[in-house]
Participant: 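I am attaching a structure below and will ask some questions about it afterwards.
Note on naming: letters A, B, ... go to the chains in the order of the sequence lines (proteins, then strands), and numbering restarts at 1 for each one.
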Amino acid sequence: MEQLKTIGRELAMGSQGGFGQSKEFLDLVKSIGEARSKAEEDRIVLSEIDILKRKLLEPDIPKRKMKEYIIRLVYIEMLGHDASFAYIHAVKMSHDDNLLLKRTGYLAVTLFLNEDHDLIILIVNTIQKDLRSDNYLVVCAALNAICRLINEETIPAVLPQVVDLLNHHKEAVRKKAIMALHRFHRKSPSSVSHLISNFRKRLCDNDPGVMGATLCPLFDLITEDVASYKDLVSSFVSILKQVTERRLPKSYDYHQMPAPFIQIKLLKIMALLGSGDKSASEIMYMVLGDLFKKCDSSTNIGNAILYECIRSISCIIPSPKLLEAAADAISKFLKSDSHNLKYMGIDGLGRLIKISPDIAEQHQLAVIDCLEDPDDTLKRKTFELLYKMTKSSNVEVIVDRMIDYMISINDNHYKTEIASRCVELAEQFAPSNQWFIQIMNKVFEHAGDLVNIKVAHNLMRLIAEGFGEDDDDADSKLRLSAVESYLQIMSEPKLPSLFLQVISWVLGEYGTADGKYSASYISGKLCDVADAYSSDETVKGYAVSALMKIYAFEIASGRKVDVLPECQSLIEELLASHSTDLQQRAYELQALLALDARAVESILPLDASCEDIEVDKDLSFLNGYIQQAIESGAQPYISERERSGMLETTDYHSQDHHEVPSHALRFEAYERPKPSSLRTQASTELVPLPEPSYYSEAHQPISTSSVSERESSEIKLRLDGVKQKWGRPSYQSSTSASSTPPQAANGTSSHPDVGVGSSSLKPRSSYESKKPEIYPEKQRLAASLFGGSSSSRSDRKSSSGGHKPAKGTASKPPKENPIPVQPPPDLLDFGEPTATSVTATDPFKELEGLMDSSSQDGGSTDVMGVLYSDAAPVTTTTSVDSLLSELSDSSKGNPGTYQSQTSKGPNSQEALEKDALVRQMGVNPTSQNPTLFKDLLG
Amino acid sequence: QIHFVLLVSRQGKVRLTKWYSPYTQKERSKVIRELSGVILNRGPKLCNFVEWRGYKVVYKRYASLYFCMCIDAEDNELEVLEIIHHYVEILDRYFGSVCELDLIFNFHKAYYILDELLIAGEIQESSKKTVARIISAQDQMVEAAKEEAGSISYIIAQAS
């Protein structure tokens with residue numbers, strides 16, 4: 001043990017640098033690392049904040065110390081706590097001349113501050129100074145900070161210098177200057193609109209890095225205005241060609257692909273330029289075709305480029321040959337075992353289907369597999385595809401599936417989306433009214449709080465207007481079926497507010513129209529709603545208005561109205577309501593009950609919700625009243641234009657406003673009240689002076705009281721605007737408040753405490769064993785989804801359906817075979833090491849064991865046993881095996897123990913070094929988590 | 001465009017965060033809580049992508065550390081997956097077989113490297129060599145500055 005320590009220490013001495021932080025910091029990190037709960041972590045951080053607050057108050061803090069405090073503050077902010085008390089120190093540190101300190105200062109500032117923070121103004125000066133520095137690293141640091149911190153107002157302060165830096169001799173500086181300009185363009189396009197030629201110039205930069213960076217702003221610019229960049233099509237094509245021919249320096253290669261990130265950016269740009277432009281597209285055919293041949297579909301990056309090619313082809317006007325190549329690539333994706341590639345395949349299919357609708361047919365079974373996959377992400381993507389390929393022949397199947405899925409998830413954001421898609425599809429393709437109303441009921445019932453209010457209004461309008469233009473009979477049938485379904489649903493508890501509004505409205509309009517239900521029955525139901533949802537004023541309002549309509553129709557038809565006792569008490573309750581709206585509705589209802597049939601009929605005519613109501617905008621019926629008022633001494637109305645026109649000549653302040661529009665936000669808030677008070681003054685003062693022009697222009701004299709009312713409402717409006725500017729958008733916080741991870745269900749159920757091998761095996765095998773049973777069902781589904789309207793196609797499909805089962809079984813064995821041995825080597829996923837077995841082991845035992853075995857020089861093959869001596873043997877071996885198989889990446893081989901030893905050896909040695917270092921610092925990582933030492937890359 | 005980068009451990013501990021779009025501190029913690037809940041619970045064979053609030057989050061697990069990037073719905077997921085891998089490879093080259101512990105104690109260096117790779121959410125440099133060169137230039141500067149400071153203080157100490 002003693003010996004081990006010294007060895008460790010020596011190793012630590014040998015390794016250069018070390019962690020370079022003080023013991024206090026290491027202690028902090030360590031104690032947070034060992035915190036067992038979020039609460040404990042918070043406690044530690046809060047006490048650390050206290051300590052730092054105290055320390056920062058001390059006079060003459062040495063800079064080195066200060067730097068560490070700032071790093072600690074960064075750490076605290078990263079953990080989600082507020083370190084704003086020390087922002088100013090970070091700002092100060094960025095002023096320092098020492099690069100080390102300056103860099104720390106800039107780092108902290110960029111992490112702490114948003115671009116609209118008040119302290120930004122203090123940094124601008126430093127940035128200006130640093131941009132002039134001789135040291136290009138200082139310039140780079142400043143440019144980094146610019147990209148994060150400069151806002152619209154401060155752009156002019158640094159813009160000239162940034163533009164100068166575009167010609168800097170260091171490519172790193174040129175690149176960052178381009179990115180900074182790009183940022184400016186995003187913030188305020190007008191500020192750099194005169195500099196756009198610079199981007200074109202930099203496209204020809206000698207350095208590929210600068211050229212690559214220039215593609216980012218160009219992409220944005222081209223998105224905004226395609227036409228002005230058509231001349232660059234051939235340049236982009238030739239750049240892409242050169243890249244694919246490996247003309248760029250080798251250092252841009254990534255996994256044997258030449259500059260793939262630049263290729264992807266170029267493909268994106270080409271998609272924009274070729275969209276809807278035949279001649280531009282034709283220039284691209286060659287290079288796109290070559291890319292399909294050159295891309296290595298065995299690597300992830302190769303597939304990334306292939307996918308981008310598919311996207312480009314779906315945007316431009318493609319040649320048949322390219323379409324074919326894209327379709328081939330898609331089918332390769334779909335046939336892959338990797339979920340990622342399947343996902344991309346589904347996405348690509350969704351894009352290509354717009355151009356060639358037939359392409360989906362050959363992949364129908366793959367699509368259905370994806371739809372039934374336990375992976376939620378894949379499922380959603382598939383729903384997106386289905387949404388894109390919906391037509392009237394398959395709308396019922398698709399929407400039904402969507403609704404089932406919608407009901408099953410908790411993620412409100414996605415629920416909203418899928419609900420609105422259901423509505424859209426139903427509105428577009430509904431085969432029958434009955435079906436439509438059913439679907440809408442389901443959507444409202446399960447996602448009523450999430451759908452747009454417009455959907456509700458649309459539904460009400462649809463029921464009111466009916467589908468058929470002349471077919472009144474069908475319309476009333478539709479209404480009756482709506483009423484019936486609502487009466488049924490109403491008794492269910494906890495319906496969403498929006499749905500209840502629709503129900504109340506429809507019952508009010510049409511509840512008694514057919515004569516099937518009596519007024520007292522419907523009004524009783526409506527009272528129940530108002531009672532059950534007494535906290536929801538909107539629903540109550542709808543219910544009361546519905547009651548009013550029911551009674552009005554009764555009165556108008558000459559029947560006697562019996563107000564149910566519960567309705568009576570509801571009305572009485574609402575007469576005293578705090579809500580003026582409800583109160584007014586109640587009073588109106590009460591007044592209406594006392595009127596005779598003729599009056600009631602003209603107030604609420606039967607089934608007149610679709611009639612246009614003519615509004616007399618000039619309020620001409622008030623003319624007599626106004627005439628009278630003016631004669632008795634009231635002041636005439638002055639039109640708004642008239643009033644503001646006067647203001648401009650009398651009021652300086654308002655003119656100042658117009659001159660500084662960019663600062664308007666800052667100053668407006670304080671100065672608004674003044675002009676408005678002046679305004680009313682002015683109007684009252686100026687009224688006695690008769691000006692001929694304004695009598696002629698004022699059509700509608702109205703009393704002054706209404707003028708001041710208008711004024712006040714105007715002022716209010718402005719304040720609202722200001723509030724919105726600063727207020728947090730409430731939308732975000734509300735949507736996700738209750739959302740729990742949607743994957744929780746299949747995530748937890750599929751792997752409780754079992755190792756990787758078995759856990760990944762289990763759901764799969766059960767899935768597979770089920771497969772044959774599902775098969776005919778699946779095929780039926782496929783038929784209903786993909787079956788076209790033409791009969792010839794369905795024939796073709798049934799014949800191909802005959803082949804499919806055979807194909808399916810043929811492809812099964814290779815799927816099943818590798819699984820029991822080990823999970824197939826997967827480039828994309830790292831296996832899940834068993835949490836339980838790992839946490840149970842002591843990290844030191846593990847390391848000591850390793851040390852021994854490696855010093856024994858090729859000793860026992862039983863390393864694994866030593867490694868995880870505490871854990872159950874079965875699970876550990878599987879987990880280690882699987883980990884290694886993935887670590888050794890593409891090597892498909894059998895991960896024997898020898899191989900494992902060699903690959904594991906150096907890593908643990910290094911882990912040991914690090915551990916020793918930590919010990920030397922006096923920090924003992926007794927954490928339960930030896931994975932901390934594990935190499936991230938195999 | 002990348003909206004934020006997030007490094008979370010298997011236990012849900014935050015190792016690094018970088019926000020390219022404005023989020024308040026409150027929103028940030030919420031985002032982290034929500035996403036780590038979703039991502040850490042996903043099985044090993046599933047997609048490396050998650051749709052989330054109209055965005056997409058691409059994640060990849062290395063040992064016990066999850067690297068996550070949030071992108072727009074229209075971005076290329078596979079590319080982002082490779083940007084993550086690219087970043088890890090650069091980290092690996094810089095630290096020499098990087099492990100989670102390196103990132104815990106040297107998170108500021110991880111930030112510096114990220115700043116050379118991505119700017120304002122766009123990929124800025126795709127050559128590993130170039131990134132490595134500028135980072136090592138910075139380190140050398142720092143070393144030089146340290147030495148300088150050391151020698152001056154040494155002189156002062158001797159003089160007094």
Participant: For chain A, which of Arg28(B), Lys128(B), Lys13(B), Arg133(B) has the most heavy-atom pairs under 4.5 Å?
Facilitator: Lys13(B)

Participant: Among Arg186(A), Lys268(A), Arg183(A), exactly one meets salt bridge (charged side-chain N to carboxylate O under 4.0 Å, His left out) together with Glu122(B). Which residue is that?
Facilitator: Arg186(A)

Participant: Can you find a heavy atom in the side chain of Ile301(A) that is under 4.5 Å from one in the side chain of His85(B)?
Facilitator: no

Participant: Write down the atom of Leu137(A), the atom of Ala137(B), and the distance for their closest heavy-atom approach.
Facilitator: CD1-O, 3.6 Å

Participant: Please state whether the side chain, the backbone, both or neither of Gln1(B) comes within less than 4.5 Å of a heavy atom of chain A.
Facilitator: side chain

Participant: Identify which part of Phe107(B) has an atom lying under 4.5 Å from any heavy atom of chain A, answering side chain, backbone, both or neither.
Facilitator: side chain

Participant: Using every non-hydrogen atom in the two residues, find where Leu78(B) and Leu341(A) come nearest and quote the distance to one decimal.
Facilitator: CD1-CD2, 4.1 Å

Participant: Where on Thr104(A) is there a heavy atom nearer than 4.5 Å to chain B: the side chain, the backbone, both, or neither?
Facilitator: both

Participant: Identify which part of Leu143(A) has an atom lying under 4.5 Å from any heavy atom of chain B, answering side chain, backbone, both or neither.
Facilitator: neither

Participant: Could you have a look at Lys38(A), Glu77(A), Lys265(A) and say which one has the most heavy-atom pairs with chain B under 4.5 angstrom?
Facilitator: Glu77(A)

Participant: Evaluate side-chain contact (heavy atoms from CB on, under 4.5 Å) for Thr110(A) paired with Tyr111(B), printing each intermediate quantity in order.
Facilitator: CA-CA 11 Å; Thr110(A) 52; Tyr111(B) 274 124; over 6 Å; no

Participant: Flag the pair Phe49(B) / Lys381(A) as yes when at least one side-chain heavy-atom distance between them is below 4.5 Å, and no otherwise.
Facilitator: no

Participant: Within the structure provided, determine whether Asn76(B) and Met344(A) are in side-chain contact (heavy-atom separation under 4.5 Å).
Facilitator: yes

Participant: Taking the side chain as everything from C-beta on, heavy atoms only, tell me whether Asp376(A) gets closer than 4.5 Å to Leu46(B).
Facilitator: no

Participant: How about Glu51(B) and Tyr414(A): does a side-chain donor come under 3.5 Å of a side-chain acceptor?
Facilitator: no

Participant: So, for Asp375(A) and Cys47(B), which heavy atoms are closest and what is the spacing to 0.1 Å?
Facilitator: OD2-N, 2.7 Å

Participant: Just wondering, do Glu116(B) and Asn144(A) contact through their side chains at under 4.5 Å, heavy atoms?
Facilitator: yes

Participant: What part of Asn303(A) lies closer than 4.5 angstrom to a heavy atom of chain B: side chain, backbone, both or neither?
Facilitator: both

Participant: What closest approach, in Å, do Ser127(B) and Ser251(A) show between heavy atoms, and which atom pair accounts for it?
Facilitator: OG-OG, 3.2 Å

Participant: Under a 4.5 Å heavy-atom cutoff, which of Ile83(B), Leu65(B), Ile32(B) has the most pairs with chain A?
Facilitator: Ile83(B)

Participant: Do you see a donor-acceptor pair shorter than 3.5 Å between the side chains of Glu77(B) and Asn340(A)?
Facilitator: no

Participant: Who wins among Tyr254(A), Tyr75(A), Tyr307(A) for the most heavy-atom pairs under 4.5 Å with chain B?
Facilitator: Tyr254(A)

Participant: Indicate the atoms forming the closest heavy-atom contact of Ile134(B) with Ala172(A), along with that distance.
Facilitator: CD1-CB, 3.5 Å

Participant: Under 4.5 Å heavy-atom distance to chain A, tell me which part of Glu79(B) shows up: side chain, backbone, both or neither.
Facilitator: both

Participant: Checking heavy atoms, do the side chain of His81(A), its backbone, both or neither come under 4.5 Å from chain B?
Facilitator: backbone

Participant: Would you mind reporting whether Lys45(B) and Asp337(A) have side-chain heavy atoms less than 4.5 Å apart?
Facilitator: no

Participant: Measure distances from Ser29(B) to the heavy atoms of chain A and classify the residue's part below 4.5 Å as side chain, backbone, both or neither.
Facilitator: side chain

Participant: Compare every heavy atom of Lys176(A) with every heavy atom of Asp115(B), then report the nearest pair and how far apart it is.
Facilitator: O-NZ, 3.8 Å

Participant: Would you check if Leu107(A) and His108(B) make a side-chain contact, meaning some heavy-atom pair closer than 4.5 Å?
Facilitator: yes

Participant: Which answer fits Glu417(A), side chain, backbone, both or neither, if we ask what part of it has an atom under 4.5 Å from a heavy atom of chain B?
Facilitator: neither

Participant: Donor-acceptor pair, distance only, cut-off 3.5 Å: does the side chain of Lys129(B) make one with the backbone of Lys250(A)?
Facilitator: no

Participant: Under a 4.5 Å cut-off applied to non-hydrogen side-chain atoms, are Glu82(B) and Met257(A) in contact?
Facilitator: no

Participant: Could you look at Leu35(B) and say if it's the side chain, the backbone, both or neither that has a heavy atom under 4.5 Å from chain A?
Facilitator: neither

Participant: Which bit of Asn135(A) comes within less than 4.5 Å of chain B, counting heavy atoms only: side chain, backbone, both or neither?
Facilitator: side chain

Participant: What part of Leu111(A) gets within 4.5 angstrom of chain B, counting heavy atoms only: side chain, backbone, both, or neither?
Facilitator: both

Participant: Can you say whether Tyr20(B) sits under 4.5 Å from chain A via the side chain, the backbone, both, or neither, judging by heavy atoms?
Facilitator: backbone

Participant: Could you tell me which of Tyr112(B), Trp52(B), Phe67(B), Trp19(B) has the largest number of non-hydrogen atom pairs under 4.5 Å with chain A?
Facilitator: Tyr112(B)

